[in-house]
Structures are given as structure tokens and as C-alpha cells.
**Q** 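One structure is given below, represented as C-alpha cells, and several questions about it will come after.
Note that the coordinates shown come from a computational prediction; the quantities given were computed from them, not determined experimentally.
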Protein chains: 2
Amino acid sequence: MPTSRSYGDACGIARALDVVGERWALLVVRELLFGPQRFSDLRRGLPGASSNLVADRLRELTARGVVQRRKLAPPAGSWVYELTEWGRELDPVIVALGHWGLRVPLPEAPVTLGPVSVLLYLRTAGRPAPGDDSSVQIDFDGRVWTARTSGGQVRIEAGEAAGADAVLHTDPATLNALLEDPDGLDAALAGGSATVAGELAAVRRLIGSVAAASA
Amino acid sequence: MPTSRSYGDACGIARALDVVGERWALLVVRELLFGPQRFSDLRRGLPGASSNLVADRLRELTARGVVQRRKLAPPAGSWVYELTEWGRELDPVIVALGHWGLRVPLPEAPVTLGPVSVLLYLRTAGRPAPGDDSSVQIDFDGRVWTARTSGGQVRIEAGEAAGADAVLHTDPATLNALLEDPDGLDAALAGGSATVAGELAAVRRLIGSVAAASA
DNA sequence: CCGCATCCGTTTCGATACTG
DNA sequence: CAGTATCGAAACGGATGCGG
């Protein structure tokens, strides 16, 4: 008899790994943490995963109740994948795992860094001033998120913001570098790897909130 | 060589999974959460894993700095595996994952349940009264742990306790059932699936602390 | 016995190619 | 764009062997 893939263990940890322990599964969940994504956007966020792998994981996670498939309203009409309520409860688990993993040395080149990973880092590590209530739209090569600061926290949502104080256009690697060294912003703006429309001060406060927290 | 299996992603989550994302890896860490274990005891706690799998994971986790190998002082003289300081920091991650996994339906029979899993559940879910300061030694088929209650928490340590208030001798499945239904203790004692020496009241308080927390 | 290493059939992964 | 089909390479899982 071929052994089942299940660990056959009643422990909650093993049961969780029965569902999200397969290779790539938690990274698919990571990509969905900030909202629904289309298949091709998921692939862009997981460049190392082949298409059948992504399709397999989505099918399994959907069957297990972690992910659900939904059709966007017309005129878009395309299909998106999103976390279920239960799937969203993986958020603190994934954040805790990611914090632990920061001490792992970077893998050999070439190393990728997707939009979701950087925004997750911003949301987790950023500690804006409690009185800082602003919203910055972040454009990554055509895909758009919004970072809102309020109550000393950063919240990330997919899509454009109505009435954003600023729009930051850059790429994930540049933003990641700016989170670790906010003083690089002027050079990035001068060099064209980042552009800002609207209130530059709001962008400064946002990207400075990570370094401020570790200081 | 293992870089071919790496996700090649700079995100902390992916880097963590590069280290503990392989099959069985986190369950090996789970087994070590309460202290050093010998190879054969590890195998007993992971009945579904073949010996080479356990040896492989231990070697990888040791090479990555999550686990270390140590020789016990004479006269024992045998080797044990234990978590490094960094490895112990996986504790909250594993607990959070295990809590999430409680909602996964139990796998098909046969289902195992090891000592560490039950004790982890006791430590995570137990909320003893703040004034309850006692220690219960728990014997599982020759392997011994100690559960101490103090400050409204349960702490678990491997090995015997000096001056334990009671000794509970049972098996993991029985203890797990008792944590979910403490009223079954008298029946378990009468049926012989559990025996208690010393202060029975301390054992009652300990196993009742889980149900009390969920009430 | 304990602590692995080796062998081998089965399953999964990962890259490329292909279809609606 | 959104997946499926295919195939070689790796990893898994079980059994067995071997030195202390």
C-alpha cells in the first residue's frame, strides 16, 4: 500500500503541516495575504515555481478550505484566488516564521524579492508615529497596493487608494533597500529607481518607520 | 548542493522554509522543544518517519544551526540532539501553527499521538489558577517529563522533578482524553490506564486547567 | 540493542512544451 | 491569460545491513 502523504499524527502541528506543509504551499498563502490574486500574478510572485506546481498547490489548498476561487465582476470577468477566513488566520504564523527566517543567510544568487514580501516586511517592522495618519499608494511595475499608517501601525491593502497622500513608484528591491536605509531615498529619486508624486514627506515617514522601530 | 532546493527568495518566510520547510523537519523540532532526545526516542515520537529520514533531517538541521549534537556525561555516555538557542526560537512559531491546525480534521486511522504533542497542548492550552504552584511528574512508558504550574502558566521540562507533588503514570492518548474531559480521571484510574502517586489533587488541578481555560 | 548507511520501488518536483 | 501534459531528476518511505 502506498503510504498516504499525511503524517497520520493527531497533533495540531502535524495536521497543519498536512495542509500547508507541502513545498511552496506557504509561499502561495503568503502571496495571497494582502488580497486576491490572479493566477499569472501569483506566478510572477513565485518565479521559482513552475506553473503546474502553482496549479497543484492552489487546487489542494482550495480543496482543504484555505483558498477559494472567485470570479471578478464584469468587465474584468477573470478568476482570482483568495484566502478563506481560516486561511487568513495563517497571517500571524507566517509573520512569525518570516521573522525567525531573517537570520538565515541569503541564498546564493540569483535571489528574487517579490512585492508581497517587501510589503509584509514593511507592515511587520514598521512602527509609524501614533499620530501619523496617512496613506501612500505603491506602484510596482503596474501592480498597485496601498499602505496606510494609523494608530502606530502600517496596514496594507491591494489596489488603489481613494485620496492617497502620495504615490510611490518603484520596484521591490529598491523599496527593501530603502526600508533598511531611508537616507537612500534622495539618491533613488535622483537615479530614477523611485519616483514620488504628492506629499514626499508622507513617503519619508512611511519608509522611515522601519528603521525608527529598530533604532 | 542544497541550494538547488532553495527557494532563491530573499523573503524571510522563504529563507525560513529553506531551513525548516522540508518534510518532517518541523516535527523533528517539535520533538526537541522540551529538551534533548536520543535518536531512538526521536524515532519513537515520529513513528511515520523512516530511520534514514530522521537521520537526514537531523544532519541538515545540525548543519544549518537549528540543532546540535551533544554527548551526555558519563555514565550515560550516549549522544543526544537538542535545539540551539536559535532553534528554540521556533517555539512560538510551532505553537501558532499547531493552534491553527487544530481545525484540520483528524487524518484517517491509524493516528498516532506522541508524548511531546500532548505536553505541548497542555502547556499551550492550560491556564492554571495564578496561585497554583505545584509540580507533577509525568511518566509515559518509561520516558519522564515534569509539568510545573506557577504564575498561571504550565511549564514542561524533560526529566524527573526533585520534590514533585505527584507522579502521573499514563500514556499520551489517555492524557489527551483527560485534558478534554477531566471528569474521566476517576474512570481512567479505576481502569488502570492511569495511576497516580502522591497528591491526587495536584493532578486534578493540572489536567483540569485546560478545560477551565476553554470554559 | 542503538545509531546510522545503503539499496530500491514509488512519489513528487521542476523545466519545457503545449492547448483552450 | 490560465492552466494541462510530459518527462527526467530528485526526494520520500520501507527494508535491510553493519559497526559499536
Side-chain angles (χ1 to χ4, degrees), chain A residues 1-9 14 17-18 20-28 31 36-63 67 69-72 74-82 107 110 112 142-143, chain B residues 1-9 14 17-18 20-28 31-32 36-63 67-72 74-82 107 110 112 142-143:
Chain A
M1 250 332 255
T3 43
S4 163
R5 271 305 267 186
S6 167
Y7 289 105
D9 190 323
L17 292 173
D18 279 343
V20 294
E22 306 267 329
R23 198 164 163 74
W24 292 105
L26 272 182
L27 295 184
V28 169
E31 288 300 305
Q37 299 260 24
R38 292 181 306 174
F39 186 86
S40 49
D41 288 331
L42 278 170
R43 287 215 60 193
R44 225 166 304 173
L46 302 166
S50 55
S51 56
N52 53 12
L53 244 295
V54 176
D56 284 353
R57 290 299 163 265
L58 286 171
R59 200 182 359 260
E60 293 161 10
L61 291 170
T62 302
V67 163
R69 201 170 177 243
R70 192 162 53 87
K71 188 165 57 189
L72 286 182
S78 60
W79 290 88
V80 290
Y81 295 89
E82 63 186 350
T112 70
R143 299 168 72 192
Chain B
M1 213 80 82
T3 44
S4 67
R5 278 288 274 190
S6 166
Y7 289 104
D9 190 325
L17 292 173
D18 278 342
V20 294
E22 305 270 326
R23 197 166 164 74
W24 292 105
L26 271 181
L27 295 184
V28 169
E31 288 300 305
L32 296 173
Q37 298 259 26
R38 292 180 305 173
F39 186 85
S40 49
D41 287 331
L42 277 170
R43 285 215 62 194
R44 224 166 302 174
L46 303 166
S50 57
S51 58
N52 52 17
L53 243 296
V54 176
D56 284 353
R57 288 300 162 265
L58 285 171
R59 196 176 321 107
E60 293 161 9
L61 291 170
T62 303
V67 164
Q68 60 197 20
R69 202 170 176 240
R70 190 162 54 87
K71 189 165 55 188
L72 287 181
S78 60
W79 290 87
V80 290
Y81 294 90
E82 64 185 351
T112 70
R143 299 167 72 191

**Q** Name the atoms and distances for all side-chain donor-acceptor pairs under 3.5 Å in residues 53-62 of chain A, with sequence neighbours left out.
**A**
| residue | atom | partner | partner atom | Å |
| --- | --- | --- | --- | --- |
| Asp56(A) | OD1 | Arg59(A) | NH2 | 2.9 |
| Arg57(A) | NE | Arg23(A) | O | 2.7 |
| Arg57(A) | NH1 | Glu60(A) | OE1 | 2.9 |
| Arg57(A) | NH1 | Glu60(A) | OE2 | 3.1 |
| Thr62(A) | OG1 | Leu58(A) | O | 2.6 |

**Q** Could you say whether Ser40(B) or Glu60(A) is positioned toward the 5' end of DNA chain C, judged by the nucleotide with the nearest heavy atom to each?
**A**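 That would be Ser40(B).
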**Q** Rounded to whole angstroms, how far apart are CG on Asn52(A) and C1' on dG14(C)?
**A**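 It is 7 Å, rounded to the nearest whole Å.
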**Q** Can you give me the bend angle of the helix from dC1(C)-dG20(D) to dG20(C)-dC1(D)? Use the axis through the first five pairs and the one through the last five, nearest 10 degrees.
**A**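 The two end axes of the helix from dC1(C)-dG20(D) to dG20(C)-dC1(D) meet at 20°.
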**Q** Could you please name the option among dA2(D), dC13(C), dG14(D) that lies closest to any side-chain atom of Phe39(A)?
**A**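 Given the options dA2(D), dC13(C), dG14(D), the side chain of Phe39(A) is closest to dA2(D).
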**Q** Give a yes/no on whether any side-chain N or O of Arg57(B) is located under 4.0 angstrom from OP1 or OP2 of dG13(D).
**A**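 False: Arg57(B) side-chain N/O out of range (4.0 Å or more) of dG13(D) OP1/OP2.
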**Q** Please give me the minimum heavy-atom distance between Leu32(B) and Tyr81(B), naming the atom from each residue.
**A**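 For Leu32(B) and Tyr81(B), the tightest heavy-atom pair comes out as CD2-O, 3.3 Å.
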**Q** Less than 4.0 angstrom between a side-chain N/O of Tyr81(A) and OP1 or OP2 of dG3(D), yes or no?
**A**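 Looking at the OP1 and OP2 atoms of dG3(D), one of them is under 4.0 Å from a side-chain N or O of Tyr81(A).
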**Q** Hey, is the side chain of Arg5(B) poking within less than 4.0 Å of OP1 or OP2 on dA9(D), counting only N and O atoms?
**A**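 No, outside the criterion.
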**Q** For the pair Asp18(B) (side chain) and Tyr7(B) (backbone), establish whether a donor and an acceptor sit closer than 3.5 Å, ignoring hydrogens and angles.
**A**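 Answer holds: yes.
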**Q** Between Arg69(B) and Glu82(B), is there a salt bridge with N-O shorter than 4.0 Å?
**A**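 The answer is no: the pair does not qualify as a salt bridge.
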**Q** Search all heavy atoms of Arg43(A) against all heavy atoms of Ser51(A) and return the closest pair with its distance.
**A**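 Smallest heavy-atom distance, with atoms named: NH1-CB, 3.2 Å.
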**Q** To the closest 0.5 Å, what do you measure between CH2 (Trp79(B)) and CZ (Arg38(B))?
**A**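 Separation between the atoms: 14.5 Å.
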**Q** Closest heavy-atom contact between Glu31(B) and Gln37(B)?
**A**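 In terms of heavy atoms, the two residues are closest at O-NE2, 3.1 Å.
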**Q** Are OP1 or OP2 of dG3(D) and a side-chain N or O of Arg43(A) less than 4.0 angstrom apart?
**A**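 False: Arg43(A) side-chain N/O out of range (4.0 Å or more) of dG3(D) OP1/OP2.
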**Q** Look at the side-chain N and O atoms of Ser50(B) and state whether any lies under 4.0 Å from the OP1 or OP2 oxygen of dG14(D).
**A**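 Indeed not, no polar side-chain atom of Ser50(B) lies that close.
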**Q** Figure out the CG/C1' separation between Asp56(A) and dA2(D), and round it to whole Å.
**A**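 In whole Å, dA2(D) C1' and Asp56(A) CG are 14 Å from each other.
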**Q** Please state whether the phosphate of dT12(C), meaning OP1 or OP2, lies under 4.0 angstrom from any side-chain nitrogen or oxygen of Trp24(A).
**A**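 No, Trp24(A) has no side-chain N/O under 4.0 Å of OP1/OP2 on dT12(C).
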**Q** Calculate the interatomic distance between Trp79(B) atom CH2 and dC2(C) atom P; express it in whole Å.
**A**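 Distance check: Trp79(B) CH2 to dC2(C) P gives 18 Å.
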**Q** Provide, to the nearest angstrom, the distance between the CD atom belonging to Glu22(A) and the C1' atom belonging to dG14(C).
**A**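 It is 15 Å, rounded to the nearest whole Å.
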**Q** Suppose we call a contact any N or O donor and acceptor under 3.5 Å apart; does that hold for the side chain of Ser51(A) and the base of dT4(D)?
**A**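 For Ser51(A), whose side chain was compared with the base of dT4(D), there is a donor-acceptor pair (under 3.5 Å).
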**Q** Within this structure, what is the CG-to-C1' distance between Leu58(B) and dA5(C), rounded to whole angstrom?
**A**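 Roughly 14 Å, once rounded to whole Å.
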**Q** Return the value, rounded to whole Å, for the distance between atom CG of Leu53(A) and atom C1' of dT4(D).
**A**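 Going from CG in Leu53(A) over to C1' in dT4(D) covers 13 Å.
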**Q** Provide the closest heavy-atom pair for Leu26(B) versus Val20(B) in the form atom of the first, atom of the second, distance.
**A**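 In terms of heavy atoms, the two residues are closest at CG-O, 3.7 Å.
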**Q** Taking atom C1' of dT11(C) as reference, at what distance in whole Å does atom CZ of Arg23(B) sit?
**A**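 Distance check: Arg23(B) CZ to dT11(C) C1' gives 10 Å.
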**Q** Rounded off to whole Å, could you give me the CZ-to-P distance for the Arg38(B) and dC4(C) pair?
**A**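 Taking atom P of dC4(C) as the reference, CZ of Arg38(B) is at 12 Å.
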**Q** I want to check one thing: is the phosphate of dG3(D), taken as OP1 and OP2, less than 4.0 Å away from some side-chain N or O of Arg59(A)?
**A**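 For dG3(D), OP1/OP2 do not have a side-chain N/O of Arg59(A) under 4.0 Å.
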